[in-house]
Number of protein chains: 2
Amino acid sequence: MTSKPTLDDGLRARKRAATQAGLEQAALALALEHGYENVTVDMICDAGMVSQRTFFNYFGTKEGAFLGTPPPMPADAELARFVRGGGADVLGDLVGLITAALVDQEPDPGILRSRRMLIERTPELLGRENTRITELEESLTLLVLERFRTQGRSEEFTPGLEDEARMAVTLAGSVMRFSMQKWFTGGFTGSPGELLRHSIALARRIAAAGNEAPPS
Amino acid sequence: MTSKPTLDDGLRARKRAATQAGLEQAALALALEHGYENVTVDMICDAGMVSQRTFFNYFGTKEGAFLGTPPPMPADAELARFVRGGGADVLGDLVGLITAALVDQEPDPGILRSRRMLIERTPELLGRENTRITELEESLTLLVLERFRTQGRSEEFTPGLEDEARMAVTLAGSVMRFSMQKWFTGGFTGSPGELLRHSIALARRIAAAGNEAPPS
DNA sequence: CGTCCTGCGTGCAGCTACTGTAAATTTATT
DNA sequence: AATAAATTTACAGTAGCTGCACGCAGGACG
């Protein structure tokens with residue numbers, strides 16, 4: 001039952017990958033030209049030379065072809081490092097973790113960039129993308145909890161530990177969304193790493209403001 | 001052409017409101033019983049005794065009937081107060097602003113609560129709700145900028161001012177999402193106001209952590 | 001009161017996303 | 001080459017959603 005590695009390099013797998021890539025590219029190109037709403041699934045199928053049914057076998061939904069492969073969950077190695085190697089900077093480490101996952105998800109920066117452009121200008125896709133991030137947050141929260149425990153913080157002694165984990169993840173998500181938007185629309189001049197550090201610093205500063213002077 | 005106040009109290013308007021409320025309640029009740037996915041628009045129409053076409057005249061989309069009236073944009077008075085009366089606590093003030101808008105949007109807490117429950121357990125609705133928040137953030141960002149300018153901070157002297165506004169709004173959105181979820185699922189024992197303060201404090205604490213001790 | 005007008009509800013025809021099913025085609029295995 | 005397993009496809013059907021044109025009732029006006 002376990003001895004069927006399902007070759008990644010057979011003719012079968014190669015064709016599959018080609019078809020999928022073709023459909024994704026076609027979808028992206030069509031949407032950038034005509035706008036997401038004006039692209040029908042049938043158009044994409046024509047361009048990719050498959051039946052509509054096959055399209056749905058691949059992506060399940062129209063949006064799927066535009067958003068790319070679903071959940072950018074980090075690799076185990078990264079996860080372990082995050083859980084064990086972490087210091088006090090949960091926020092920074094989380095952002096780094098998510099970023100790494102996003103990067104090795106789609107090697108082609110060109111695709112990635114046009115995809116982001118499309119998403120940014122299409123409310124429906126933007127919403128769906130945010131939903132994905134939210135779903136990802138679910139599992140990240142567990143990770144953070146794990147990390148907290150590794151650091152010796154138990155739920156018994158800190159009642160709000162789970163809340164703290166969830167909030168940390170939520171904040172990280174905010175930083176990611178902010179950075180993405182700035183990167184793909186605002187024309188940030190600098191490396192992604194800089195941008196992320198900049199975003200985090202900004203978040204810290206704003207969160208801190210108003211802390212010393214509580215309202216009347 | 002512009003001088004038609006469209007009475008809010010005529011028989012017409014009352015009927016309208018009744019129909020809409022009826023449909024919303026029916027939708028909510030049906031979804032809580034059968035699950036969102038298993039409720040068809042036709043079912044809601046039957047329960048509300050209107051044609052399908054009328055349903056879409058009211059809500060435009062199936063989700064609309066479940067999410068309630070679209071954008072909880074604050075009243076002008078609140079807005080003015082936010083822009084002018086603000087101190088350094090942008091985050092807190094923003095959260096207060098959004099909360100106020102949400103509250104006087106739906107006077108009935110029962111409806112509000114069951115709606116939240118449904119949304120929370122329905123990924124599709126959750127996503128759509130997030131999209132709404134995102135759209136709202138667009139205009140809130142402008143507000144924050146306005147406030148900054150009122151406080152004498154000009155874009156000329158602080159290049160990142162727009163970024164700062166957007167980040168503030170994004171963070172406020174995070175706090176709101178966190179609070180909502182905690183309130184409607186986690187069973188928070190206390191007043192909404194307390195919960196919000198708690199959330200903000202938590203966000204501040206996490207953002208601050210790791211600030212003093214940069215990674216090696 | 002009667003009349004006109006305008007807003008609103010409705011039926012209908014049609015498009016698009018999406019799914020189940022079973023047959024046809026292609027690739028892998030022996 | 002024969003068989004098995006994986007994919008693709010055609011076909012039919014459901015559900016969300018829209019444009020259009022008709023009819024009726026609420027409301028303004030004389």
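Scope of the values below: all heavy atoms of this structure, side chains included, with no hydrogens, waters or symmetry mates. Letters A, B, ... are given to chains in the order of the sequence lines, protein chains preceding strands, and every chain is numbered from 1.
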Please state how far atom CD in B:Glu124 lies from atom P in D:dA15, giving the value in whole angstrom units. 15 Å
Can we say B:Arg205 and A:Glu164 salt-bridge, meaning some charged N sits less than 4.0 Å from an Asp/Glu carboxylate O? yes
State, without any angle test, whether B:Ser51 and B:Thr54 hold a side-chain donor-acceptor pair at a distance under 3.5 Å. yes
Should B:Glu129 and B:Arg116 count as an ion pair when the cut-off is N to O under 4.0 Å? yes
What is the separation between atom CG on A:Leu11 and atom C1' on D:dA5, rounded to the nearest whole Å? 15 Å
Looking only at side-chain N and O atoms, does B:Arg16 come under 4.0 Å of OP1 or OP2 in C:dG9? yes
Should B:Thr54 be listed as having a side-chain N or O under 4.0 Å from OP1 or OP2 of C:dG9? no
Would you call B:Arg115-B:Glu24 a salt bridge at under 4.0 Å N-O? yes
With a 4.0 Å cut-off, would you call A:Arg81 and A:Asp93 a salt bridge? no
At less than 3.5 Å, do the side-chain atoms of A:Arg12 and the base atoms of C:dA28 form a donor-acceptor pair? no
Which letters describe nucleotides 12-22 of chain C, given B = protein heavy atom under 4.0 Å from base, S = only from sugar-phosphate, - = neither? B---SSBBBB-
Within this structure, what is the CG-to-P distance between B:Asn38 and D:dG16, rounded to whole angstrom? 11 Å
Measure the shortest side-chain to side-chain distance between A:Pro192 and A:Thr99 over non-hydrogen atoms and say whether it is less than 4.5 angstrom. no
Between A:Tyr58 and D:dT8, does any side-chain N or O lie under 4.0 Å from OP1 or OP2? yes
